[in-house]
Structure formats: C-alpha cells, structure tokens
Amino acid sequence: MAMACGRVAPLLPCPVRPLHRLPSVSPFFCSSSSSSSSSSSFSLPRIFPIRPASRTAGIVACRRGPDQEPDAGRGDDFVVVSFYKFVVIENPQTDVARHLAFLQGRDIHGRIYVNEQGINAQYSGPNEDALAYADWVKEDQRFSDVLVQVSAASHGHAFPRLKLRYKPSLVQLEGGVSHLPLVDPSMRAYPLTPSDWRKRLQSMNNVSRPTSESDEQVSDRKCLLLDVRNGYEWDVGHFQGAQRPNVDCFRSTSFGLSEQEVASSDPLAGIDKAHTDILMYCTGGIRCDVYSTILRQKGFRNLYTLSGGVSNYLKNEGSAEWVGNLFVFDGRLSLPPSTYKPGANTNATARPNMVHENNTFARCYICGSELLEFRHRNCANLDCNQLFLSCSSCVTQLSGCCCLHCTSAPRLRPVLPGPQRYQKWHMYRDGE
Ligand SMILES: [Zn+2]
Ligand SMILES: [Zn+2]
C-alpha cells in the first residue's frame, strides 16, 4: 500500500481506486499531523473551504484570465507575488510590526511569515499594492537581493485573507526547520540559473534517450533529476526525466526527516553521495533550500537547485523540458507555462517520453484515464472536499464527487460546467 505521509486513506474507499492525493495549505503539508489542530493521524485531513474573500471597498478586481499578461500600468490588476529569503533576523517581532504597519490600508491577502531565519511570503493584491510591498521589502538591505516572482491572478485575490506574523518555522516540516542551518548558503544546494538548468536537462535527457551519439563523456558524471514536490503537484506537470519518490509527500522519503520509511521508494537510496549530481527542483525554490540542507547533512556532496524554482524557469525558459502545468498553492491551483511566459507552448496535451514507474501524470484518479485538463477539482461533497484529478466523464457520473460514497453526502455543491471550479472555495485552509 502506498504510504500516505502519516495519513490514512479516506475512511470509506472510493469504488475504483483509493485517493491518496491530499494537498494542504503548504507545499510541506501532507498530513494531518502537520496541523496542530488535529494531531491524531486518524482524523481525515481535508482542505476546508474558505469563505469568499471580502474585497476592499472601492477596489475592483480585474477579471483577467491566467493567460493574460499583467498590465504594469493598471493598479486594479490583481497579481500573485512570492518571495522568500533565509537570512538572520535579529528581532523578527519588530519586523512583523513594521510590515504590518506598511500594509495598513493596502489590499494584500496571503501568507507572510517572519522569524529568526528569514521571511517567506506569498500574497495577492492589486498590482500597485502588491508591488509596492515587494519594493518596500527590497529597500531593506537584508532583502535587497530577493527574487520577487509575480504572476497574474485570475479572479481577484488568490488568498482569502492576510496572515502576517511570526512563525517558528518558515516552512512546515515535521520537527520544524529551526534546527537546520538554513541561513548558511554553503549548506544549501548550489543554485543554477534557469538557462543553465535547461542546458543540464537537455544534456541529461538526450543522453538518457538512446541515440546514435556517444554518451560516454557525459554519462561518466551521474545525475539525478529530483522532483521534491508532492505527488499531486507532479501529477499535473513536471520536468521530463525527473524522478520522485513513490510516496505522496516528499518529506516521507527515507532521506527526509522520517527515517522509518522504506528505502525502496527512495530515488536517493543507494546512490554514490560523492559522485552523483543531484539536481533538485520545486515550485519556487524554498523547499529545495530546506531539503538540500538536510541532504548535505546526510553526506550528499553535489547538490544543485533550480534558482527560483519552476515558476522562475517557466518565466525565463518557457516550457522547454517541462511537461504539463505548474501546481500552485493558491486559489488558482494550476497554471499553464504561458502564464509565466506569454506565447510559451502550453504543451497541454504533451505527455512525457520518459516516466518514472510510479508516474500518475495527468490521469483521472477515479478511472485512470488520460486527462486533457491538468487541473484538480475539489470533491463536491463539502465535508470531503478532497482535491483530485478527474476526467469529464467521471465528473458527470459522480456529480463532481471524488467517490461514490460522497455522492450521497448531505452537503453537496452543484458542479459547475466545463473547467470552472468552486471559485474561492478551493483555497486551502490555512494551518494554524
Ligand atoms: Zn475518470
Ligand atoms: Zn469526496
């Protein structure tokens, strides 16, 4: 049985196949144990719906599709911004107060966390407010070099409200991350520019695909392209030739913090730590910084990461070597590469040439058929609300539910036609 990150399978299994994909608020969240409100591993984790965000009076959200370019000149275009930096902060509470003061009267929703190890921010807002905050943060010398990533919001705010506070761990990981030497860049993976990353991948993938070329000189350097995201993120898009552990949640692998998991599902098990290049990637870079520090402590020497993550890559290199969409942890759920680089091939129906054997890429979680739309939906049963990938026929047959059992639940939402989702409802519950 597939490991489910300390989670249990749904209490009542689906008629065809059990669902294991349960994303939660943070990329690191995969289990109910990560939420302090439900420490029992037997409580069924859910993505709770959140009340529609109240928009600040006088500000009208620009109803722009995700494939349209943000208009820098318009203040009412909503954007989603993210940045993070691991750096020593002497008095984080003072910083929190300063940031809160700056955001007074500005229409910013999102999650902004500060502590002694730095800052981690994902938020949405009207272009003007959102960028003003990022600019203000960068005026601080400690953050002057942060990579601020901006993408178009599709329907106003992508987050339900603002949470700006001190948080003991900037990222959710069992046991926390405060003990990790995250502020020491030499402990983290070496960042590769998107362009260098593309070249490495193209070289790797060309070698892996048997061609008439001699692959002697390249293959004497072993490489492992490692996706450190979670299963449900992989399922809507990933790099060609990448591997990921055969567990839903990356941190359940044997080289993460949970040592008890079996090594057979671990792509890093048994590899030569001194002579293998590990190329790791995640959505925005922060998970790689954390995991590479852990791997460094475990003796892995040659660690590389994609600077700024996939979102930065898609913006700079388009969809080269990438297949599918990018899963994002806000109300938008999934973005085609063209969101980041207009004109980039959306590659929507391309399928990977090489797949890891646990690949579930773009398959209906219910019937297993191939999907054309790489975007999750929430179960129509409010009290289940599980995020899952589904084909249109299963959506129709199960009325938008994840399984037969949910179709008879008391609190059912009507299914919206076509690609529409429950707007504002499928934002993840913020873990308290
Ligand atoms: Zn199906
Ligand atoms: Zn359900």
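Since the model is a prediction, treat every value here as computed from it, not as a measurement. One-based numbering, in listed order, for ligands and for the atoms of each.
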J.: Is it true that some N/O/S atom of Cys403, main chain or side chain, lies under 2.8 Å from the Zn ion (ligand 2)?
T.: no
J.: Quick one: name the protein N/O/S atoms under 2.8 Å from the Zn ion (ligand 1), chain by chain.
T.: Cys364 SG, Cys367 SG, Cys391 SG, Cys394 SG
J.: Quick one: does Tyr123's side chain get under 4.5 Å of Phe83's, heavy atoms only?
T.: yes
J.: Might you work through the side chain to side chain donor-acceptor pair (under 3.5 Å) test for His99 and Tyr133, ending with a clear yes or no?
T.: CA-CA 9 Å; His99 286 237; Tyr133 175 56; 2.7 Å; yes
J.: Could you tell me whether the Zn ion (ligand 2) has an N, O or S atom of Cys401 under 2.8 Å away?
T.: no
J.: May I have the step-by-step check of salt bridge (Lys or Arg N to Asp or Glu O under 4.0 Å) for Arg287 and Glu233, ending in yes or no?
T.: CA-CA 13 Å; Arg287 280 180 277 183; Glu233 300 174 75; 2.7 Å; yes
J.: Which word best sums up how the rings of His109 and His157 line up, parallel for under 30°, tilted for 30 to 60°, or perpendicular for over 60°?
T.: parallel
J.: If the Zn ion (ligand 2) is the vertex, what is the angle to SG of Cys384 and SG of Cys402, rounded to 10 degrees?
T.: 110°
J.: Identify whether NZ of Lys or CZ of Arg in Arg200 sits under 6.0 Å from the centre of the six-membered ring of Tyr304 and within 45° of that ring's axis.
T.: yes
J.: Taking all heavy atoms of Ala242 and all of Trp234, pick out the closest pair and write down the distance.
T.: O-CH2, 3.3 Å
J.: Taking atom types as modelled and ignoring hydrogens, do the side chains of Asp235 and Tyr365 form a donor-acceptor contact shorter than 3.5 angstrom?
T.: yes
J.: Exactly one of Leu295, Asp227, Leu306 should register a side chain to side chain contact (heavy atoms under 4.5 Å, CB included) with Met280. Which one does?
T.: Leu295
J.: From the Zn ion (ligand 2) out to just under 2.8 Å, does an N/O/S atom of Cys379 turn up?
T.: yes
